[in-house]
Visitor: 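Below: one structure in C-alpha cells.
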Amino acid sequence: MEFFPVEVIDNILSRLEDARDVVIASFTCRKWREAWRNHLHKLTFNSDDWPVCDEHMTRRFEVIITQTIFQTNALQCLSITMKKDVVLSAAPVIAWLLYTRETLRQLHFSVNTPNLNILEKCGHQRLELLDLAEITISRVEFSYQKFSCLRSLSLDHVTISALDLSRLVTACPKVEVLNLVCLDFDGPWGTMKLHSNSLKDIHVQGIHLDHLNEIILDTDSLEKLQIKDCDLGIFKLLSKGTLRLLEMDDVYSFPLDIGENAENLEIVEVSNSTTWRSNFHHMISKLSKVRRMSLCDVMFEDEVEAVDIDSTSACFSQLSHLSLTYELRDSLQCGLLGYSQLENVVVLELGWEVITDLFSHWVVELLERCPNLRKLVIHGAVSRINTQEECDVLANFTSFIVKFMGKYSHVEVQFKYV
C-alpha cells in the first residue's frame, strides 16, 4: 500500500463516509498520512456517528473537528451534520470556514449554532455548492454577501423571510441549481419575486403557503422545474421559452401560470395535483414539442368546460410517450386530446383509480387512436379493490384485454398492479 499513487489514496479516503474512518485509514503508513494532509478533498462529520450525550462531549467534538480539519491542506468538500440538540459554538465554526476558504468548493452545513450568520462567513469564498439545513437565516445583505462562484444552492428546513430568500438568489449570479425543501417563511408577505438569469434547474418541495401569497419566478434560462408536495398559492413563471421539463406531484396552486412561452416543453408529468382548468388547458394547448406527457389524478377547481384542441394542427405532433389515468369524475382526457389520431405515440401507459366496466371501452378508444403503438402498459391499484364486484370487474378486464390484444400482435403488453 506504500506504493499506491497519492491520487488513488485520495480517492479511497474521500469515499469514506465518516471522518473518523478517514483518520484511522490515514495511519496505514507514511504515504497515506501525507495523502491525508496534502491531497484529501472530502471530510464528513455526523453526530450520529459519535457518542455525543452531554455538553462535555459536545465541546470535545468541536476539538476533534478542529484538529482534523487543521491537519488538511487541500480540503474541497466539507460536510457537517449535527442533531438539533447538539449546539456548537460559533467560534470553532468560523475557524473551520476561515481555514478552508481558499480551497473549499462544497459545503454541507446542518448545525445549530446560535449567533452565527453562516452566509456572512461564506460570502466572497470560492464555494460552488452550498447546502444549508435546519438553520435560521436572519438577514441577507447582498451588497457584501456575494457568492460569485456558486452553482448549486440548497435550503432544507431553513427558516428565512421571503425578502431574504429573494436577496440570496440575487447574490448568486451564476447559480444554476436551486433546491427549496420545507422552508419556514419568517413573517407575513404578499408577493415574492425570485430573479435569476442563470437558473436552469429548480426543485421545490414541502412548501405550503396561504392562497394570498404570490411567487413570481423570473428566470431566462430555466430548463427543469420540479414541484412536489406543495400548496403554492399563486405561482407565476416568467421565462423566455427555455423550459424543457415540468414535473408536478401533489401540488395545489391558485392558479399555476408558467407563462406564454411553454411551447418548448418536451416532458410534462403531472400527478395527484389540483389547479385551475382554464390555465392548465391554456398551457397544454401550446405543447407542440412535447415528447412525453403523463397526466394522473389531475383535478380542477373551476368549472370551465374542457377545450377541444383538435383545431391546433401542430399539437402533440411529436408526442411519443403518453400516460393517463382514467377518472370517472372528469372528462379531462377527451378535452385534452380531442379525437385526432396520435400518430407518433409508441408507448401508452393507462391506469385507473377505481376499476369499472367503462375502463375497457376507454382503453380500446385510446388504442385505436395510436396506429403506431409498440408498447402498452396497464397500471392498477389492486390494493384498493375491496369488494367481490371489483375483483370480478378486474378479472373480466384482464381477460378482455388479453383477447383484444390479439389483433395487436406487434404491441408488447405489460400489467403493473400494485
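Quick caveat, the model's predicted, so the values are computed rather than measured.
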Visitor: How about Trp362 and Phe397: are their ring centroids closer than 6.0 Å?
Guide: no
Visitor: Using a strict 4.0 Å threshold on nitrogen-to-oxygen distance, state whether Asp218 and Lys193 make a salt bridge.
Guide: yes
Visitor: I'd like to check Phe185 versus Thr159 (side-chain heavy atoms, cut-off strictly below 4.5 Å). Are they in contact?
Guide: no
Visitor: Between Lys84 and Asn112, do the side chains contain a donor N or O and an acceptor N or O under 3.5 Å apart?
Guide: no
Visitor: Please tell me if the side chains of Phe109 and Leu97 come closer than 4.5 Å, counting only heavy atoms from C-beta onward.
Guide: no
Visitor: So which atom in Ile207 and which in Val204 form the shortest heavy-atom distance, rounded to 0.1 Å?
Guide: CD1-CG1, 3.6 Å
Visitor: Side chains of Phe147 and Val175, heavy atoms from C-beta outward: is any pair under 4.5 Å?
Guide: no
Visitor: So Leu129 and His108, do their side chains get closer than 4.5 Å, heavy atoms only?
Guide: yes
Visitor: For the side chain of Ser196 and the backbone of Ser198, is there at least one donor-acceptor N/O pair under 3.5 Å apart?
Guide: yes
Visitor: Looking at Glu214 and Trp189, what are the two nearest heavy atoms and their distance?
Guide: O-CZ3, 3.3 Å
Visitor: So which atom in Leu165 and which in Met192 form the shortest heavy-atom distance, rounded to 0.1 Å?
Guide: CD2-SD, 3.8 Å
Visitor: With respect to Arg292, which candidate in Glu266, Glu269, Glu247 satisfies the salt bridge (charged side-chain N to carboxylate O under 4.0 Å, His left out) definition?
Guide: Glu269
Visitor: Just so I know, are the side chains of Ile65 and Ile69 near enough to count as touching, which here means a heavy-atom distance under 4.5 Å?
Guide: yes
Visitor: Got a second to check how far Ile160's CD1 is from Leu119's CG, nearest 0.5 Å?
Guide: 7.5 Å
Visitor: How about Gln414: does its CD atom have over 12 heavy atoms from other parts shown lying under 6.0 Å from it?
Guide: yes
Visitor: Given 3.5 Å as the limit, does a donor-acceptor pair link the side chain of Arg244 with the main chain of Thr242, or not?
Guide: yes
Visitor: Could you give me the CA-CA distance, side-chain angles and deciding distance for Thr113 and Val87, then say whether side chain to side chain contact (heavy atoms under 4.5 Å, CB included) is met?
Guide: CA-CA 6 Å; Thr113 309; Val87 181; over 6 Å; no
Visitor: Is there a donor-acceptor pair under 3.5 Å between the side chain of Asp229 and the backbone N or O of Gln205?
Guide: no
Visitor: Backbone N or O of Leu75 within a donor-acceptor pair of the Thr72 side chain at under 3.5 Å?
Guide: no
Visitor: For Ser399 and Ala395, indicate whether the former's side chain and the latter's backbone hold a donor-acceptor pair under 3.5 Å.
Guide: yes
Visitor: Report yes if the side chains of Leu217 and Leu194 come closer than 4.5 Å at any heavy-atom pair, otherwise no.
Guide: yes
Visitor: Check for a donor-acceptor pair, side chain of Glu390 on one end and backbone N or O of Asn386 on the other, with a separation under 3.5 Å.
Guide: yes
Visitor: So does Glu102 pair up with Arg126, basic N to acidic O under 4.0 Å?
Guide: yes
Visitor: Only one of Ile227, Val177, Leu225 clears side-chain contact (heavy atoms from CB on, under 4.5 Å) with Ile202; which?
Guide: Leu225
Visitor: What do the steps show when you test Gln226 against Leu245 for side chain to side chain contact (heavy atoms under 4.5 Å, CB included), and what is the final call?
Guide: CA-CA 8 Å; Gln226 295 175 299; Leu245 182 147; 4.3 Å; yes
Visitor: How far does CG of Leu350 sit from CG of Leu366, to the nearest 0.5 angstrom?
Guide: 5.5 Å
Visitor: Start with the C-alpha distance between Leu78 and Phe45, add both sets of side-chain angles, then the distance that settles side chain to side chain contact (heavy atoms under 4.5 Å, CB included), and finish with yes or no.
Guide: CA-CA 8 Å; Leu78 177 61; Phe45 299 92; 4.0 Å; yes
Visitor: Examine distances only and state if a side-chain atom of Asp250 and a backbone atom of Lys228 form a donor-acceptor pair shorter than 3.5 Å.
Guide: no
Visitor: What are the two closest non-hydrogen atoms of Leu150 and Cys172, and how far apart are they?
Guide: CD2-SG, 3.7 Å
Visitor: Within a strict 4.5 Å, meaning less than it, do heavy atoms of the Leu367 and Val363 side chains meet?
Guide: yes
Visitor: Indicate the atoms forming the closest heavy-atom contact of Ala74 with His41, along with that distance.
Guide: O-CD2, 3.4 Å
Visitor: Tell me if a side-chain donor or acceptor on Ser239 pairs with a main-chain N or O of Thr219 at a distance below 3.5 Å.
Guide: no
Visitor: Tell me which one of Val346, Val290, Asn344, Val268 satisfies side-chain contact (heavy atoms from CB on, under 4.5 Å) with Leu319.
Guide: Val290
Visitor: Do the side chain of Ser154 and the main chain of Asn179 share a donor and acceptor less than 3.5 angstrom apart?
Guide: no
Visitor: Could you grab the distance from atom OG of Ser110 to atom CD1 of Ile135, nearest 0.5 Å is fine?
Guide: 8.0 Å
Visitor: Taking side chain as C-beta onward, heavy atoms only, is Thr136 less than 4.5 Å from Val158?
Guide: no
Visitor: Closest heavy-atom contact between His203 and Val181?
Guide: CD2-CG2, 4.3 Å
Visitor: Is there a side chain to side chain contact (heavy atoms under 4.5 Å, CB included) between Arg139 and Glu120? Walk through the geometry before answering.
Guide: CA-CA 9 Å; Arg139 64 187 182 277; Glu120 181 179 322; 3.7 Å; yes
Visitor: Under 3.5 Å, side chain of Thr356 to main-chain N/O of Leu358, donor-acceptor pair present?
Guide: yes
Visitor: Cut-off 3.5 Å, side chains only: do Thr81 and Asn46 have a donor facing an acceptor?
Guide: no
Visitor: Roughly how far, to the nearest 0.5 Å, is CD1 of Ile215 from CD1 of Ile234?
Guide: 10.5 Å
